[in-house]
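Values below: every heavy atom of this structure, side chains too, minus hydrogens, waters and symmetry copies. Positions are given from 1 along the sequence.
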Amino acid sequence: MNVVKTIAEVRRAVAWARASGKLVGFVPTMGNLHAGHGSLIEAARGACGFVVVSIYVNPIQFGPGEDFASYPRTPEQDLELCQARGADAVFMPADEEMYPQGKILTEVSVPSLSHTLCGASRPGHFTGVCTVVAKLLNVVSPDRAFFGAKDFQQTVVLRRMVADLNFPAEIVVCPTVRESDGLAMSSRNSYLTAAERSQAPALHECLELARQRIVAGAASANEVAEAMKAHLAGRAPDGRIDYLKIIDPMDLRDVEKLTGPTLVAISVRFCKARLIDNILLQSPPKGG
Ligand code: AMP
């Protein structure tokens, strides 16, 4: 496995792979890798002959007062996981490599998909994500880039960016990997206290509750949302709902009648950790 720090090196490695006739798969991450990231690397490994992982905590997607400085950084363990899951190259740039002039003047954004859900409580976040992913796609030029369904809005925003700007990469979305009690794996789970950790599976539980209610023919999104709120209030008393949305997975707009593909998405804030999770229901019963 080749560990590189410069854009020139990663481009050379990818050019060599492509010249050898290999498809290039790319897994962008912020490090502190866990089995969720591992599943993306394995998916890339299964689909592509050459797999690049990037590890970069991108400053421009964090707002003032957010956890950029304290975000867990564990490069040695990350490299072990990359090696074990079959990465061919790991790109670990410094800020000076990604933003050599300090402040970046060019931004990429998808405003109409970025102001709801996570974007409502993290203004500018998706512009930071789009801008760094656009840069990384230009650096790595992969055939396929792999993202996790846990960050559903991110996948919707990036798919649209890639389509609108004709990036020649296919976006592949992989399922959320969970702990045994259902909690979606996340680097930010380490911010939870023991008491909060025991309450955190409530997010997944109330998404499962939503699935059951919708499959059983719940009349309205509002009815489902109320049942979810009641579950959370009892099961996660230290959590505060940031958002709880029942939406169209294509345009992220609220739905009231449960007649088509439906995304149920939730964010709950504990003391230091803001957790997100979602469930995609492909074909709820017609007529709600
Ligand atoms: P991050 O390092 O948190 O920026 O995440 C990098 C990639 O890993 C993103 O595409 C995430 O959606 C994905 N990811 C994070 N957690 C999980 C998980 N539990 N299951 C699957 N993918 C995940």
Side-chain angles (χ1 to χ4, degrees), residues 3-11 13-14 24-33 36-37 40-41 44 51-75 78 82 87 89-111 113-115 117-119 121-148 150-174 186-188 276:
V3 181
V4 299
K5 295 198 181 302
T6 68
I7 290 169
E9 286 169 304
V10 77
R11 283 194 165 138
V14 168
V24 177
F26 177 42
V27 181
T29 81
M30 297 204 300
N32 192 232
L33 303 183
H37 301 107
L40 301 185
I41 300 171
V51 175
V52 181
V53 178
S54 66
I55 297 178
Y56 180 59
V57 185
N58 172 40
I60 69 167
Q61 72 189 66
F62 290 78
E66 289 191 348
D67 57 343
F68 172 69
S70 58
Y71 195 84
R73 290 158 169 90
T74 52
D78 292 350
C82 289
V90 182
F91 177 45
M92 301 176 87
D95 287 340
E96 298 71 41
E97 185 70 7
M98 291 300 285
Y99 302 109
Q101 287 156 315
K103 192 170 162 42
I104 189 165
L105 298 182
T106 306
E107 288 180 340
V108 184
S109 64
V110 189
L113 296 172
S114 299
H115 295 145
L117 302 166
C118 291
S121 47
R122 304 189 70 189
H125 170 67
F126 286 110
T127 298
V129 170
C130 285
T131 303
V132 80
V133 172
K135 283 167 69 68
L136 289 167
L137 291 176
N138 282 333
V139 168
V140 177
S141 58
D143 297 286
R144 295 183 188 154
F146 296 78
F147 296 87
K150 182 178 84 74
D151 298 278
F152 191 89
Q153 185 177 15
Q154 174 169 276
T155 67
V156 174
V157 169
L158 291 176
R159 266 194 204 285
R160 188 63 196 230
M161 177 191 84
V162 161
D164 284 353
L165 298 183
N166 305 95
F167 282 94
E170 181 193 342
I171 300 285
V172 182
V173 179
C174 302
S186 165
S187 305
R188 292 189 168 99
I276 60 172

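Of the possible donor and acceptor atoms, one in the side chain of Q153 sits under 3.5 Å from a partner among the backbone N and O of L113.
Side-chain contact between M98 and V132 is present, with heavy atoms from C-beta onward closer than 4.5 Å. Counting heavy atoms from C-beta outward, S187 and H37 have side chains that approach closer than 4.5 Å. The shortest side-chain heavy-atom distance between T106 and T131 does not fall under the 4.5 Å cut-off. Taking 4.5 Å as the limit, some side-chain heavy atom of K135 sits within range of a side-chain heavy atom of I104. Under the 4.5 Å side-chain criterion, counting only non-hydrogen atoms from C-beta, R188 is in contact with D67. Counting only heavy atoms from C-beta outward, the side chains of F146 and I41 never approach each other to under 4.5 Å. Between F126 and V110, the closest side-chain pair of non-hydrogen atoms is not below 4.5 Å. Put simply, the side chain of K5 does not reach to within 4.5 Å of the side chain of E97, judged on heavy atoms.
A search for side-chain contact (heavy atoms from CB on, under 4.5 Å) contacts involving S54 returns F26, P28, F91, L136, not counting sequence neighbours.
Taking all atoms of both residues into account, the shortest heavy-atom contact from V129 to N58 is N-ND2, 4.5 Å. A pairwise comparison of heavy atoms in L33 and T74 identifies N-OG1, 4.4 Å as the closest pair. Heavy-atom minimum distance, R73 versus F68: NH1-O, 2.9 Å. Between I276 and D151, the shortest heavy-atom distance links the atoms CD1-OD1, 3.4 Å. Taking both residues in full, the closest heavy atoms of C130 and V157 are given as SG-CG1, 3.3 Å, listed atom of the first, atom of the second, then distance. Contact record, V24 with V14: CG2-CG1, 4.0 Å, taken as the closest heavy-atom pair.
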Apply side chain to side chain contact (heavy atoms under 4.5 Å, CB included) to V162 and L137, showing your working. CA-CA 9 Å; V162 161; L137 291 176; 3.9 Å; yes
Step-by-step side chain to side chain contact (heavy atoms under 4.5 Å, CB included) determination, L117 to F152: CA-CA 10 Å; L117 302 166; F152 191 89; over 6 Å; no
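Aromatic ring orientation, Y99 versus Y56: tilted (interplanar angle from 30° to 60°).
Applying the salt bridge (Lys or Arg N to Asp or Glu O under 4.0 Å) rule to pairs touching residues 55-65 yields nothing, sequence neighbours excluded. Sorted by first and then second residue, the pairs that involve residues 158-169 and meet salt bridge (Lys or Arg N to Asp or Glu O under 4.0 Å), not counting sequence neighbours, are R160-D164.
Note that NE2 of H125 and CD of E66 are 8.0 Å apart. Values are rounded to the nearest 0.5 Å. To the nearest 0.5 Å, the span separating CZ on R144 from CD1 on I171 amounts to 12.0 Å.
Heavy atoms of other residues, nucleotides or ligands lying less than 6.0 angstrom from CD of E107 number 12 at most.
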